[in-house]
Peer 1: 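First the structure, then my questions, so here it is.
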Amino acid sequence: MAKAPLMDFDKALELYEPVLGFEVHVELSTATKMFSDAPNPAAPGGHGAEPNTQITPVDLGLPGSLPVVNEQAVKYSISLGLALGCSIAESSRFARKNYFYPDLAKNYQISQFDEPIAFEGSVEVELEDGTAFTIPIERAHMEEDAGKLTHVGGSTGRIQGAEYSLVDYNRAGVPLVEIVTKPIVGAEGRAPELGKAYVSTIRDIVRSLGISEARMDRGNLRCDANVSLRPRGQEKFGTRTETKNVNSFRAVERAVRYEIQRQAHILSQGGTITQETRHWHEDTGTTSPGRPKSDADDYRYFPEPDLLPVQPSAELVETLRAALPEAPSAHRRRLKEAWGFTDAEFRDVVNGGLLVEVEETVAAGGAPAQARKWWTGEITRIANATSAEPASLIAPLHVSELIALVESGTLTDRLARQVLEGVIAGEGRPDDVVAARGLAVVSDDTALLAAIDEALASQPDVLAKIKDGKVQAAGAIIGAVMKAMKGQADAARVRELVLERATQ
Ligand code: ADP
Ligand code: MG
């Protein structure tokens, strides 16, 4: 995708004020779908089923089939609404959003329109340097997901240029909550960073509620980013673009930044912005036009005649409110204290979007300092090199197992990094990789002593120096032994044995 002409970011901010709006879709991890008893592929362990095996007549809209509302999905939606500081509607209704597309067999999506389950809330978001920002929430409504199309044959994976398309209806009917912000003003030059922080906060909230796996790489959490610019001093908002499915925290930041620069260039040339959806391209870091979009998209919304309004009792709402976990900001303060991290160490974790990972690693038995080191260090390095999210590379449980292997002396740090690579490459759990690659530290002193004796025998001058009390000379022997052991020895133990042996 060709890069559009861009204005320098700072210059763009001098001339224009960015206005943002985010629509975040959250797939709920209920056992079954929103309106049918088909297994939910977004449930824990439900990922990766054979195409078109998780469907019932309801999900395909076959004649005679009728939807039934999933009670658990309603409860999850209420909990999420409450966690977003929203009011919960005493009565809310489903609506049909009509459109034809092959991923939607019914020709309409059951969503909510003028009566969402939750409305008028706010979310506290913390930027990288600790600056707090309040994001106003307009609504959070329930809906069902559509199926998934795979376009085959083109180079881009998009429909343009494809030879044919495959459709998988497994995702059709997966319960979703769509969270829509009000227009966000005042972020100024921090708008890109705020976008990233907002989506990452939503993930934290959703994960803390336990209502979604919340993995962006699997589409459990999807973000559309609306961006517009208005000339300084103008009150009326500018025309927005809606960049669809920006599927990582970093991509949200990059996409917002790109749109600000792209739109600023157009506006500064006297051009106008087209109200449209745009596609984000991760490889080039650019957006390209999707479809034009008017404010009143003609979806011919009307109340869903097959479903009654949802009218949660005040008692249910209060029970769910009482069961809410601690807010992410309070939670963070408590974790920082418990882990004993410095401000900078803790910020590293939070800014890397790794709080949940470190927390789960610690919960699985890993020492906090080690958990932090692995997640913000080696795992992040590999993630950056492959443009992946660290969380998508390895499970916290496996990181805790890796830490345990180092602690027990089975692995040195260097070997542990190789094991990590193996786990990430899909070779199994740390134990499996150690066994398969033969990576365990040689802790058998007999084997070490044999290598030490050989090294001492071949370097008698070094031996003489050590005997003379020149302990630093031992380095050469330790090096030779480590080499002979292919690095699979604990250097400290080798040193102990070398000194013992040489001075016998
Ligand atoms: P749509 O049906 O187009 O997706 P929604 O109401 O679901 O509309 O979402 C639109 C999003 O864009 C909301 O988050 C809204 O606050 C935001 N928004 C509205 N106007 C603007 C604007 N001029 N600039 C940036 N964001 C905007
Ligand atoms: Mg929308």
Side-chain angles (χ1 to χ4, degrees), residues 12-13 16-26 81 84-86 95-99 101 104 108-123 125 133-146 176-188 190-192 194-199 201-202 221-232 234-246 252 255-264 266-267 272-280 287 289-301:
L13 262 294
Y16 305 102
E17 181 191 355
V19 176
L20 308 176
F22 296 100
E23 298 159 77
V24 174
H25 285 88
V26 181
L84 299 171
C86 289
R96 286 192 183 178
K97 180 178 182 180
N98 299 279
Y99 64 96
Y101 206 63
L104 189 74
Y108 61 85
Q109 177 193 28
I110 305 181
S111 181
Q112 296 195 301
F113 185 50
D114 48 357
E115 297 177 64
I117 183 116
F119 55 94
E120 294 283 336
S122 67
V123 179
V125 168
F133 212 98
T134 303
I135 305 279
I137 302 294
E138 179 166 309
R139 56 195 272 143
H141 65 255
M142 300 184 281
E143 60 186 26
E144 58 177 340
D145 212 341
L176 289 179
V177 175
E178 178 177 346
I179 306 165
V180 183
T181 69
K182 296 187 179 179
I184 302 161
V185 295
E188 298 293 348
R190 312 200 69 176
L194 181 64
K196 174 180 166 191
Y198 170 68
V199 180
T201 302
I202 294 294
L221 200 71
R222 310 197 287 266
C223 172
D224 302 338
N226 294 267
V227 177
S228 71
L229 297 180
R230 61 177 169 187
R232 296 275 159 203
Q234 177 180 306
E235 194 160 334
K236 194 165 163 286
F237 288 158
T239 303
R240 70 185 158 110
T241 59
E242 178 183 343
T243 304
K244 302 294 269 182
N245 292 334
V246 197
V252 177
V256 170
R257 192 180 178 89
Y258 180 84
E259 271 303 292
I260 290 174
Q261 293 184 261
R262 189 188 67 85
Q263 293 183 15
I266 295 174
L267 293 172
T272 51
I273 305 300
T274 314
Q275 184 154 329
E276 63 187 359
T277 65
R278 297 184 69 86
H279 299 295
W280 169 246
T287 64
R291 63 187 159 94
K293 194 163 182 181
S294 66
D295 266 324
D297 263 341
D298 193 6
Y299 287 120
R300 289 157 44 242
Y301 277 103

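Note that ligands are numbered from 1 as they come in the structure, with each ligand's atoms numbered from 1 the same way. Because only heavy atoms are used, hydrogens play no part in the values below, and waters and symmetry mates are left out as well, while side chains stay in. Bear in mind that the values here come from a model prediction, so they are computed numbers and not experimental data.
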Peer 1: Can you tell whether the side chains of Glu143 and Lys97 come within less than 4.0 Å, N to carboxylate O?
Peer 2: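 The answer is no: the pair does not qualify as a salt bridge.
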Peer 1: For ligand 1, indicate whether the residue Leu20 contacts it via side chain, backbone, both or neither (heavy-atom separation under 4.0 Å).
Peer 2: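 Leu20 to ligand 1: backbone contact only, side chain stays beyond 4.0 Å.
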Peer 1: Within a distance under 4.0 Å of any heavy atom of Val180, pick out the atoms of ligand 1 and give their elements.
Peer 2: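 Checking each atom against Val180, I get 9 (O), 13 (C), 14 (O).
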Peer 1: With Phe22 as reference, evaluate Asp224, Ile137, Ile135, Val256 under the side-chain contact (heavy atoms from CB on, under 4.5 Å) test and give the passing residue.
Peer 2: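 Of the listed residues Asp224, Ile137, Ile135, Val256, the side-chain contact (heavy atoms from CB on, under 4.5 Å) partner of Phe22 is Val256.
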Peer 1: Short question: side chain of Gln109, backbone of Glu144 - any donor-acceptor pair under 3.5 Å?
Peer 2: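 Looks like yes, one N/O pair under 3.5 Å.
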Peer 1: Check this for me - ligand 1, Gly238, N or O atoms closer than 3.5 angstrom, yes or no?
Peer 2: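 Yes - when backbone and side-chain N and O of Gly238 are compared with those of ligand 1, one distance drops under 3.5 Å.
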Peer 1: At a 4.0 Å threshold, what atoms of ligand 1 neighbour a non-hydrogen atom of Phe22?
Peer 2: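 Once the distances to Phe22 are compared, the set is 14 (O).
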Peer 1: Under 4.0 Å from a heavy atom of Pro183: which atoms of ligand 1 are those, numbered in the order shown and with their elements?
Peer 2: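 Near Pro183, meaning under 4.0 Å from one of its heavy atoms, ligand 1 has 16 (O).
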Peer 1: For ligand 1, is any non-hydrogen atom under 4.0 Å from Glu23's backbone (N, CA, C, O), its side chain (CB onward), both, or neither?
Peer 2: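 Within the 4.0 Å criterion, Glu23 contacts ligand 1 through side-chain atoms alone.
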Peer 1: Do Val227 and ligand 1 have an N or O pair less than 3.5 Å apart?
Peer 2: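 Between Val227 and ligand 1, no N or O pair is found under 3.5 Å apart.
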Peer 1: If you take the nearest heavy atom of each of Thr181, Thr241, Asp224, which one is closest to atom 14 (O) of ligand 1?
Peer 2: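 Of the listed residues, Thr181 has the closest heavy atom.
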Peer 1: Are any of the N/O atoms in Ser228 less than 3.5 Å from those in ligand 1?
Peer 2: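 Yes, at least one N or O pair falls under 3.5 Å.
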Peer 1: Less than 4.0 angstrom from a charged side-chain N to a carboxylate O is my criterion; do Arg291 and Glu242 meet it?
Peer 2: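 No, Arg291 and Glu242 are not salt-bridged.
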Peer 1: Salt-bridge test for Arg190 and Glu188: reply yes if a basic N is under 4.0 Å from a carboxylate O, no otherwise.
Peer 2: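 Glu188 and Arg190: not salt-bridged.
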Peer 1: Quick one: which ligand 1 atoms are inside 4.0 Å of a heavy atom on Lys182?
Peer 2: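 Under 4.0 Å from Lys182, ligand 1 has these atoms: 16 (O).
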Peer 1: Arg139 side chain to Phe113 main-chain N or O, any donor-acceptor pair under 3.5 Å?
Peer 2: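 Yes; at least one donor-acceptor contact below 3.5 Å.
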Peer 1: Between Glu259 and Arg240, is a salt bridge (Lys or Arg N to Asp or Glu O under 4.0 Å) present by the stated rule, with each step listed?
Peer 2: CA-CA 10 Å; Glu259 271 303 292; Arg240 70 185 158 110; over 6 Å; no
